[in-house]
Amino acid sequence: MQYLLCTVLMCMSPADNLSDTLKKLKITAVDRTEDSLEGCLDCLLQALAQNNTETSEKIQGSGILQLFASLLTPQSSCTAKVANIIAEVAKNEFMRIPCVDAGLISPLVQLLHSKDQEVLLQTGRALGNICYDSHEGRSAVDQAGGAQIVIDHLRSLCSITDPASEKLLTVFCGMLMNYSNENDAIKLQLVEAGLVECLLEIVQQKVDSDKEDDIAELKTGSDLMVLLLLGDESMQKLFEGGKGSVFQRVLSWIPSNNHQLQLAGALAIANFARNDGNCIHMVDNGIVEKLMDLLDRHVEDGNVTVQHAALSALRNLAIPVINKAKMLSAGVTEAVLKFLKSEMPPVQFKLLGTLRMLIDAQAEAAEQLGKNVKLVERLVEWCEAKDHAGVMGESNRLLSALIRHSKSKDVIKTIVQSGGIKHLVTMATSEHVIMQNEALVALALIAALELGTAEKDLESAKLVQILHRLLADERSAPEIKYNSMVLICAVMGSESLHKEVQDLAFLDVVSKLRRHENKSVAQQASLTEQRLTVES
């Protein structure tokens, strides 16, 4: 979550043209004639408002950036305008490193000590935009000690409610968001500097307000809070074994009536749930029930971002083995299945991931879900969602998981009847080895348990040709070669598939694999060769 910090520009009368203005600015910056300087700066701001990218390129080419450093002085009446220009040019990615190289960070950070609110506002914007997706910008602000000054400002702004202060508070939160985002050390630094307590205070004060500015502050403050939890060390420090006051406060957001707080609370839980210890503690202390209640409130015409966040949290909590049975008995699958009708790919993706985590090595749950015709039909439908690769991949993986974990004939029959076999065969050709392997294991179970039911679908999906290709391909991973041979042996029980195996001269390919460097592959090649020879 990153913010480009913007304000509306007040354009003055146009100057002759941009090139002339830049030349004049070089002269007046040296002479320090305030009136002339102000006119030039107004012209630049107007040009940036009309075409930011082109104007920024000309500013960079003119060498004027280096002059801005000397113009950023607390005494000058033009300081806010110079900072505003820097904020505007730094909206362009190509201008951020030049702003750092021009030595602008240190004087900007010094301006954070100003008492002038407009100077503070434009300085916050400038620093925030320079930090946006820029490692060099963040490092320079870090070295200049800018973050601590901003946090001190936030502390004092918490209790002031005039519009100018509220706008400043939003800009400073946005600046810290850009400063701390793709950097864990900085997140920890901000946590240790007391930023979280300040953010919690902001949230507390703004939660019941319906004023636009307050809603913006609540969003920025809670978003920044969630961002700080993306760092492993900062997250663990705030979790404090599940007893931390910050963790407890975040828990109280989930039952809130405010959608932004519900969202932030669920995302925070998803971030806290990034190691087994935290997940086990949270499940034992009733967090699952809170998340299910939240989901229940968003089933009908619900908030998609909240649905997505709550499902993300449940998915993470379901990863430790010890949590799966507890979550299943708490009714998580039933809560999740209510969202099967969702047409939103992000929700579909998390729903699928949550179910897949829950049934991992849980045979009874896998069988129960695998016999759910509505679910399986929806999975088969999503296996064709070519516009949404994530949903398509997760649907295939869940289909395979239902078979692998249940080892149930009834589940296989349900999947065959719903047209799922062709998708599992296609999955065996995935570019991801883990997905290929999951498909091959599921297909081997199908061939072992219900070959008669599935043989027509396996034949029309060209399974045998695909297995031949996987075995002949030198790039195939050892486990893919191994499981492909296991599957070849398993399909020999079908007359039509057996004939295809004979027609494709598998013996040549398999005999070469007897010399494979992987012992398991070599052994399976010998067994497969014997089987092919006996049944030829």
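This chain uses plain numbering: 1 for the first residue, then up along the sequence. Just so you know, these numbers use all the heavy atoms, side chains as well, and skip hydrogens, waters and symmetry mates.
Under the rule for a side-chain contact (heavy atoms from CB on, under 4.5 Å), the partners of Ala273 that lie at least two apart in sequence or sit in another chain are Cys279, Met282, Asn316, Leu317. Residues passing the salt bridge (charged side-chain N to carboxylate O under 4.0 Å, His left out) test with Glu233: none are found, sequence neighbours excluded. With sequence neighbours excluded, no residue satisfies salt bridge (charged side-chain N to carboxylate O under 4.0 Å, His left out) with Glu459. For His259, the ring pair (Phe, Tyr, Trp, His ring centres under 6.0 Å) criterion is met by His298, not counting sequence neighbours. Asp293 meets the salt bridge (charged side-chain N to carboxylate O under 4.0 Å, His left out) test with no other residue; sequence neighbours excluded. The side-chain contact (heavy atoms from CB on, under 4.5 Å) test applied to Asn285 returns His281, not counting sequence neighbours. Residues satisfying the side-chain contact (heavy atoms from CB on, under 4.5 Å) criterion with Ala477, sequence neighbours excluded, are Val433, Glu479, Ile480. Remark: Arg475 engages Asp473 in a salt bridge (charged side-chain N to carboxylate O under 4.0 Å, His left out) (not counting sequence neighbours).
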Considering only distance and modelled atom types, tabulate donor-acceptor pairs under 3.5 Å from the side chains of residues 236-247, sequence neighbours left out.
| from | atom 1 | to | atom 2 | distance (Å) |
| --- | --- | --- | --- | --- |
| Gln236 | OE1 | Asn275 | ND2 | 3.1 |
| Gln236 | OE1 | Asn278 | ND2 | 3.1 |
| Gln236 | NE2 | Asn278 | OD1 | 3.1 |

Please table the atom pairs, donor to acceptor, closer than 3.5 Å between any side-chain atom in residues 417-428 and protein atoms at least two apart or in another chain.
| from | atom 1 | to | atom 2 | distance (Å) |
| --- | --- | --- | --- | --- |
| Ser418 | OG | Thr414 | O | 2.9 |
| His423 | NE2 | Glu384 | OE2 | 3.2 |
| Thr426 | OG1 | Lys422 | O | 2.9 |

Identify each donor-acceptor pair in which a side-chain atom of residues 437-447 lies under 3.5 Å from a protein atom, sequence neighbours left out, and give them as a table.
| from | atom 1 | to | atom 2 | distance (Å) |
| --- | --- | --- | --- | --- |
| Asn437 | OD1 | Asn483 | ND2 | 2.7 |
| Glu438 | OE1 | Arg397 | NE | 3.0 |
| Glu438 | OE2 | Arg397 | NH2 | 2.7 |

Sequence neighbours excluded and cut-off under 3.5 Å, please list the side-chain donor-acceptor pairs for residues 357-371, or say none.
| from | atom 1 | to | atom 2 | distance (Å) |
| --- | --- | --- | --- | --- |
| Asp360 | OD1 | His405 | NE2 | 3.3 |
| Glu367 | OE2 | Ser408 | OG | 3.2 |

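For the pair Asp142 and Arg138, the salt-bridge criterion is not met [side-chain N within less than 4.0 Å of a carboxylate O].
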